[in-house]
J.: 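Sending over a structure as structure tokens; questions will come in a sec.
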Amino acid sequence: MKKQKTLNDFYQWLACCNLFYKYWEEVKAFCDEHHLLLTDFLGNMDAEKPETLFWFDNSPSGTFTQAQEKYTNWLKHENKP
């Protein structure tokens, strides 16, 4: 049976990858730049849908594009029966 991932699982994954603070800095900068409320961003987050977690990637290095790929792979491997 597939275990549903929660946002806490996502936050733990970010912390294990040493991306937790960088992620929130980027999210806040993106929201400020695009005049979005952080609560709107948070309301759309779904730990089972990586596209809702990483759609903001502004970083020139593509850090979060790579992180999305890794997170997607982690979800696939973690959810195997």
J.: Report the distance from atom NE2 of H77 to atom OG1 of T72, rounding to the nearest 0.5 Å.
T.: 11.0 Å

J.: Please check if the side chain of D9 supplies one atom and the backbone of T6 the other of a donor-acceptor pair under 3.5 Å.
T.: yes

J.: Write down the atom of F41, the atom of L53, and the distance for their closest heavy-atom approach.
T.: CZ-O, 4.1 Å

J.: Using the rule side-chain contact (heavy atoms from CB on, under 4.5 Å), only one of H34, E26, K28 pairs with F30; which is it?
T.: H34

J.: Between N8 and Q12, is a side-chain contact (heavy atoms from CB on, under 4.5 Å) present by the stated rule, with each step listed?
T.: CA-CA 6 Å; N8 283 340; Q12 283 184 314; 5.6 Å; no

J.: Can you see which heavy atom on K5 is nearest to which on L75, and at what distance?
T.: CG-CD2, 3.4 Å

J.: Quick check for you: to the nearest 0.5 Å, what is the distance between E25 atom CD and L19 atom CG?
T.: 11.0 Å

J.: Specify the closest pair of heavy atoms between F54 and A67, including all atoms of both residues, with the distance to one decimal.
T.: CE2-CB, 3.8 Å

J.: Quick one: sort the F10 and W13 rings into parallel, tilted or perpendicular, breaks at 30° and 60°.
T.: parallel

J.: Same cluster or not: are L7 and L37 linked, directly or through other Ile, Leu, Val, Met, Phe, Trp or Tyr residues, by side-chain heavy atoms under 4.5 angstrom apart?
T.: no

J.: Could you tell me which non-hydrogen atom of Y71 sits nearest to which non-hydrogen atom of A47, and how far apart they are?
T.: OH-O, 2.8 Å

J.: Testing the basics here: between F64 and Y23, what is the closest heavy-atom pair and its distance to 0.1 Å?
T.: CZ-CA, 3.5 Å

